[in-house]
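First up is the structure itself, then whatever we jot down about it.
Computed from a prediction, not measured in an experiment: that's the story for all the values here. Order of the sequence lines fixes the chain letters, A, B, ..., with proteins taken first and strands second; residue numbering starts at 1 for each chain.
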Number of protein chains: 2
Amino acid sequence: MAVTIKDVAKAAGVSVASVSRALNGRDNVTDETRHRILDAASKLRYRPNDAARSLITRRTRTIGAVLPDLHGEFFSELIRGIDVAARAQGLHLLVSSSHGDADEATAAIRSMQGRVDGLLVMSPHVDASFLHESLPEALPAVLMNAPPEPSRFPTLNLDNHGGAFAMTRHLLARGCRRIAMIGGPAGNLDADERRRGWLDALAAASLARDALLLDGDFSEESGHAAGLRIAALARRPDAVFAANDMMAVGCLIALAEHGVHVPGEIALAGFDDVPIARYVTPQLTTVRVRIADLGRAAFNRLVAELEAPGTLPVRSEVLPCEIVVRASSGTT
Amino acid sequence: MAVTIKDVAKAAGVSVASVSRALNGRDNVTDETRHRILDAASKLRYRPNDAARSLITRRTRTIGAVLPDLHGEFFSELIRGIDVAARAQGLHLLVSSSHGDADEATAAIRSMQGRVDGLLVMSPHVDASFLHESLPEALPAVLMNAPPEPSRFPTLNLDNHGGAFAMTRHLLARGCRRIAMIGGPAGNLDADERRRGWLDALAAASLARDALLLDGDFSEESGHAAGLRIAALARRPDAVFAANDMMAVGCLIALAEHGVHVPGEIALAGFDDVPIARYVTPQLTTVRVRIADLGRAAFNRLVAELEAPGTLPVRSEVLPCEIVVRASSGTT
DNA sequence: CTGAAAGCGCTTACAG
DNA sequence: CTGAAAGCGCTTACAG
């Protein structure tokens, strides 16, 4: 049915070996032969069969991305970053979500095995040890937002600690002294690091003793709940640093509902710089993370591994964050 | 190196044919043999080679999604919808963006050929005729947001016209008489249909004569520019209907900058119901489109085609929209 | 430089 | 029910 390498060979009056060589740009073909072959191929609209090629080359020219979710600004931006980099290399992108579940992540990894040359895995869980069991020894992989410690894989992380530290310093510089944090979900590395950054900055200012930490899970609702608790406090903090933007937004809404003025009575900051941060009133001070860069950097690290297997040091890289000061921590 | 079907056959003391049969759940294998084979396979951690399997079955168990972009709430939600449906069917998802460019879309389609069993293509351009040239005859495909007219492919569209019509009626019911529209990019089908819905509703109320249409391109900036023009108008409209939410948001900001009160002086509505719509002040009235449903419906249509090639009628379906009334068109 | 042949790892008629 | 064999469409030593 479909046109194969044999048809091209016949049409060009050469062997399939020559067709293969010509099409793959080998130099051991005469220009004249190559020309005749290319001609025949294009005339027949020949497309090499990828499965056959993969079977023999053991390459799929595809990389897989296993992410906790595919939804929301964060992942959307991450996928975009990976896609752009992949296109530039002529590689295909297979995506799958694990819904933050270790079993689903394992299943996704298993099902991608054999279909990809390498894997990009995001797993922001403290206990990511299952990754080392799930990931086949032979499959190159790069981890994102994963514990850098005991890894056979290169790991890329955002500088959560540095970003949170810098943001807390900003709030201190603005004059805040009682800086509460709304934390992220238990067992989430990003959340842990952000909390640590906040606490370290407070400690450096000798303000860590009565630091107020409120529970949260990265959802807007949990931020709203935390905001309600804060509004009800006899002695309120003078600043609230939420471990992500959506919680900051929820908190902002709760405070507004209770007539607590931001930033007049309480300064507010988030983390991520999602688009919504610029649209709430007042606009939200936050930590910007260049998510697409994270995707691109992880992809490039993986490609490097693919091109020179086992030659690069397995190390952990950290991508910087920057604080973005807006009205919610302004001096109004 | 890797363990193949031969190794399993050897370990189980049977032929590779039997292994293949047992693993593929054929019934012409004794329970005892099957058991022995499954045992050996799991003991050896056997994983069938997908390339070899594809080569002979001519199935990849993968579907491709070619979208204008992978970025932003809309596409993120769409990919999520497709991914969830694909997982349920045990199919893999290959993604690629075309950046709204016909050549890139063609390239993406070409490069996916042979790697996927079917294609989901979104191409909201009036001139989508290139699709019919790019898409191989033999490759099942479902189009989204594409002209339903002269298509050999099933097509799924949002009810842009119905949504815009309903929204305009809502604004009329609220008492607005001079309802301007900020239009979308030229040649974009969704934008065209929304404009048509607006105009038809005005015509039905005999208000189409001096209908004011302002240029826009779906970007927030273009909405802002339109807002500035509106603010400067001697005789302002009493309502503005933006062809998407981001333009409505841009317009809202421009009006606020010029002290024009929404909804007091001008009611405002958008289209899409992106998350930001709920966070601006006042919250934005808009048309909700269930994007994940669009992805899921398109996927299911494709799967139906894959399972029973050529038996389903090639028709165009339209997914309903609903209007969501919020403060920006409230009676304040 | 070119071709004949082997082989990648599967599946599936075809015999038995 | 089971196995030997052919074949899917490529690539790559190996000869010449």
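Checked against side-chain contact (heavy atoms from CB on, under 4.5 Å), R61(B) has the following partners two or more places apart in sequence or in another chain: R115(A), L91(B).
Taking atom CG of D7(A) as the reference point, atom P of dC10(D) lies 9 Å away to the nearest angstrom. L55(B) places its CG atom 7 Å from the P atom of dG9(D), with the value rounded to the nearest Å. Here dT11(D) presents its P atom at 10 Å from CG of D50(A), a figure rounded to the nearest Å. Between I5(B) atom CD1 and dT2(D) atom C1' the separation is 14 Å, expressed in whole Å. If you take CD1 of I56(A) and P of dC10(C), they are 14 Å apart, rounded to a whole angstrom. Rounding to whole angstrom units, CG of residue D27(A) and P of dT2(C) are separated by 12 Å.
The side chain of T30(B) contributes an N or O atom lying less than 4.0 Å from OP1 or OP2 of dT2(D). Taking 4.0 angstrom as the limit, R26(A) places none of its side-chain polar atoms (N or O) nearer than this to OP1 or OP2 of dC1(C). Neither OP1 nor OP2 of dC8(D) sits under 4.0 Å from any side-chain N or O of R53(B).
Sorted by residue number, the members of residues 8-25 of chain A with any non-hydrogen atom under 4.0 Å from DNA chain C read V14(A), S15(A), A17(A), S18(A), R21(A). The stretch residues 31-40 of chain A touches DNA chain C through T33(A), each having a heavy atom under 4.0 angstrom from the strand.
For the atom pair OG of S98(A) and CG of D69(A), the computed distance is 8.0 Å after rounding to the nearest 0.5 Å. One finds the CG atom of N160(B) at 10.5 Å from the CG atom of L319(B) (value rounded to the nearest 0.5 Å). Within the model, atoms CG of N145(A) and CG of N157(A) stand 5.5 Å from one another, a figure rounded to the nearest 0.5 Å. Between the CD1 atom in I82(B) and the CG atom in L294(B) there is a gap of 8.0 Å [rounded to 0.5 Å].
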For a quick test of your reading: what N or O donor-acceptor pairs under 3.5 Å do the side chains of residues 309-318 of chain B make, sequence neighbours left out?
from	atom 1	to	atom 2	distance (Å)
T311(B)	OG1	A308(B)	O	2.8

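With contacts defined as side-chain heavy-atom distances shorter than 4.5 Å, the pair F299(B)/I63(B) qualifies.
Sorted by first and then second residue, the side-chain hydrogen bond (donor to acceptor under 3.5 Å, both in side chains) pairs involving residues 29-38 of chain B (not counting sequence neighbours) are T30(B)-T33(B), E32(B)-R36(B).
With 3.5 Å as the limit, one finds no donor-acceptor pair spanning the side chains of S76(B) and S76(A).
Nearer the 5' end of DNA chain D, as judged by each residue's closest nucleotide, is the contact made by V29(B), out of R47(A) and V29(B).
Looking only at distances, a side-chain donor or acceptor of S54(A) sits under 3.5 Å from a matching main-chain atom of R59(A).
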Self-check item: Working for salt bridge (Lys or Arg N to Asp or Glu O under 4.0 Å), residues E77(B) and R290(B)
Solution: CA-CA 9 Å; E77(B) 187 70 15; R290(B) 305 208 28 82; over 6 Å; no

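Residue contacts for R59(A): at a heavy-atom cut-off of 4.0 Å it reaches no nucleic acid atom on any strand shown. Residue N28(A) is classed as a base contact, given a heavy-atom separation below 4.0 Å to a base.
A salt bridge links R296(B) with D293(B): the closest approach of a Lys/Arg side-chain nitrogen to an acidic carboxylate oxygen falls below 4.0 angstrom.
Taken together, the paired segments of DNA chain D that extend over three or more consecutive Watson-Crick or G-U pairs, each closer than 3.5 Å at both contacts, are C:1-3 with D:14-16, C:5-12 with D:5-12, C:14-16 with D:1-3.
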